[in-house]
Amino acid sequence: METEQQNESIENVKRIGIMGGTFNPIHNGHLMIAENAREQYSLDQVMFIPTGHSPLRHKQQITDAVHRCEMVSLAIADNSWFALNEIEIQSSEISYTFRTLEKLKQNYRNIELFFILGADSLFDFESWKNPDLILENSKILAAYRKHQRQEEFFQYIENLNKKYPQKFYPLDTPSLEVSSQEIRRRIQEKRTIRYLVPREVEAYIRKHKLYYK
Ligand code: ATP
């Protein structure tokens with residue numbers, strides 16, 4: 001039989017969403033899936049964790065981590081459920097998701113982790129380093145992105161769940177077809193990014209002349 005103390009510790013478990021990304025820059029698509037994950041899966045908080053040294057993107061120029069963090073900070077300021085976590089930025093190691101999740105589990109007691117990602121990342125998931133360890137420490141909440149076929153997306157989740165039972169869940173969220181790459185391209189082409197990123201992020205990009213070339 002559970003003691004009162006055990007009951008209390010079960011109740012105190014915090015459900016934490018993890019929104020990892022390069023955020024170069026953060027845009028409304030990221031915010032939209034984070035907010036819908038929070039609502040749909042009753043998360044107590046969503047942590048935005050900008051990538052430090054990415055294993056996949058080391059050759060691509062990534063805007064200074066300070067700028068990426070500042071833009072995340074500005075973008076989430078009006079949502080009390082959202083928080084910035086600089087664990088990957090502050091580390092000199094390559095940012096591997098499995099390691100980040102292990103560290104979070106060590107640093108915070110009583111947390112259950114839900115890793116939030118878009119369908120493009122879901123399709124790559126098994127090529128990430130140590131997917132088994134990622135799944136030992138988290139469940140995956142995946143958002144459909146429009147350029148993928150929807151049936152293929154749900155089938156993929158079903159197949160992954162056969163292999164890793166009850167680890168993958170679809171997100172029911174409006175899809176906003178925007179990517180950081182598109183934002184960067186639009187800025188270079190002197191096109192508008194209004195309504196694709198929060199106003200404060202747009203002002204920051206303009207002020208610091210980010211992505212102009
Ligand atoms: P880039 O265009 O530079 O590749 P991105 O827009 O995909 O970047 P990332 O920071 O790499 O942004 O993405 C972080 C996570 O957010 C990934 O899991 C990605 O799939 C997801 N994501 C990004 N944009 C969207 C979107 N519009 N809808 C759903 N998920 C998204």
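Both counts, for ligands and for their atoms, begin at 1 and track the order of listing.
- Ligand 1 has at least one atom lying under 4.0 Å from a heavy atom of His27.
- In this structure, Met19 is part of the shell of residues with a heavy atom less than 4.0 angstrom from ligand 1.
- If you look at Ile33 next to ligand 1, the close heavy atoms, those under 4.0 Å, all belong to the side chain.
- Comment: Glu136 does not engage Lys105 in a salt bridge, judged by the lack of any side-chain N to carboxylate O separation of less than 4.0 angstrom.
- Not a single heavy atom of Asn24 lies less than 4.0 angstrom from ligand 1.
- Using a 4.0 Å cut-off between heavy atoms, Glu182 makes no contact with ligand 1 at all.
- A distance-only check finds a donor-acceptor pair linking the side chain of Tyr156 to the backbone of Phe123 [under 3.5 Å].
- Ring-plane geometry between Tyr144 and Phe153 is classed as tilted, the angle between the planes lying from 30 to 60 degrees on a 0 to 90 degree scale.
- With 3.5 Å as the limit, one finds no donor-acceptor pair spanning the side chains of Tyr96 and Glu102.
- The contact set between ligand 1 and Gly20, taken as ligand atoms under 4.0 Å from a residue heavy atom, comprises 14 (C), 15 (C).
- Short contacts between ligand 1 and Arg184, defined as distances under 4.0 Å to a heavy atom of the residue, involve ligand atoms 3 (O).
- The aromatic rings of His30 and His27 lie parallel to each other, with less than 30° between the two planes, well short of the 60° mark.
- Residues satisfying the side chain to side chain contact (heavy atoms under 4.5 Å, CB included) criterion with Ser73, sequence neighbours excluded, are Leu84.
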